[in-house]
Amino acid sequence: DAKTTQPNSMESNEEEPVHLPCNHSTISGTDYIHWYRQLPSQGPEYVIHGLTSNVNNRMASLAIAEDRKSSTLILHRATLRDAAVYYCTCRGPCWTSYGKLTFGQGTILTVHP
Amino acid sequence: KAGVTQTPRYLIKTRGQQVTLSCSPISGHRSVSWYQQTPGQGLQFLFEYFSETQRNKGNFPGRFSGRQFSNSRSEMNVSTLELGDSALYLCASSLGGHKETQYFGPGTRLLVL
């Protein structure tokens with residue numbers, strides 16, 4: 001089964017950059033890497049996704065390793081509202097081939113004022 | 001565009017009962033996926049429906065079932081409830097392709113007593 005591995009927790013100070021890593025060594029060359037975050041008492045929220053090259057949007061940046069075995073979600077200036085659980089997952093052929101894909105435990109991000 | 005809606009938001013049932021949860025996807029989205037989220041297991045994939053057909057299934061017993069209607073709305077049913085079924089049940093919709101971003105609803109919190 002496709003599997004993603006993330007650290008259980010990370011901490012940051014407000015207005016500092018945060019780099020959230022994810023290992024996904026089993027994904028195929030056509031699987032997209034997606035990141036979601038879940039705020040307390042809410043459903044997961046889409047953050048960003050990419051295939052091979054780095055991606056930027058208003059929420060974050062996604063840096064994908066050249067071998068695609070890992071990626072890093074970058075929050076350029078963390079705010080208290082960014083405190084959430086961050087999940088990386090894959091979309092694409094992994095979704096049908098593996099079928100039992102889960103989001104894993106995610107990374108709990110704590111932001112200190 | 002309205003987001004994904006789920007009803008009811010909260011539910012209390014007793015062991016042995018059955019329950020039906022409802023999900024209305026974003027307009028135009030044809031795929032609906034269901035997830036179970038518990039503190040111990042994280043986000044676990046239940047099943048996915050596309051054009052009224054189950055397209056993918058996770059590792060859950062047959063007590064968990066679902067269906068999708070012609071308007072893409074989906075329901076999931078859990079029969080013979082067990083204490084361990086207490087969880088947050090999330091549904092997510094997407095346009096349909098497996099590389100598409102999923103958009104999650106707020107979830108239904110089920111408590112089984």
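Here is the naming used below: chain letters follow the sequence lines, and residue numbers restart at 1 for every chain. This structure is a prediction, so every number in the text was calculated from the model and none was measured.
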Common cluster, [X]/[Y], ILVMFWY with side-chain heavy-atom separation under 4.5 Å:
X	Y	result
B:Phe64	B:Val19	yes
B:Leu90	B:Phe45	yes
B:Val4	B:Phe50	no
B:Ile26	B:Leu21	no
B:Phe60	B:Val112	yes

**Q.** Neighbour count >12 (heavy atoms, 6.0 Å) for atom CZ, B:Arg109
**A.**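 No, because the 6.0 Å sphere around CZ of B:Arg109 holds 12 heavy atoms or fewer from other groups.
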
(Q) Taking CZ in A:Arg77 as the centre, count heavy atoms belonging to other residues, nucleotides or ligands within less than 6.0 Å. Is the count above 12? (A)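 No - once you tally the heavy atoms of other residues, nucleotides and ligands closer than 6.0 Å, there are 12 at most.
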
Mind checking the [atom1]-[atom2] spacing from [X] to [Y]? Nearest 0.5 Å is all I need.
X	Y	atom1	atom2	answer
A:Gln38	B:Leu88	CD	CG	7.0 Å
A:Tyr36	B:Gln102	OH	CD	5.0 Å
A:Ser41	B:Arg9	OG	CZ	9.0 Å

**Q.** Part of B:Gln37 lying under 4.5 Å from any heavy atom of chain A
**A.**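 Side chain only.
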
Q. Taking only heavy atoms into account, what residues of residues 43-70 of chain A are found under 4.5 Å from chain B?
A.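 A:Gly43, A:Pro44, A:Tyr46, A:His49, listed by number.
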
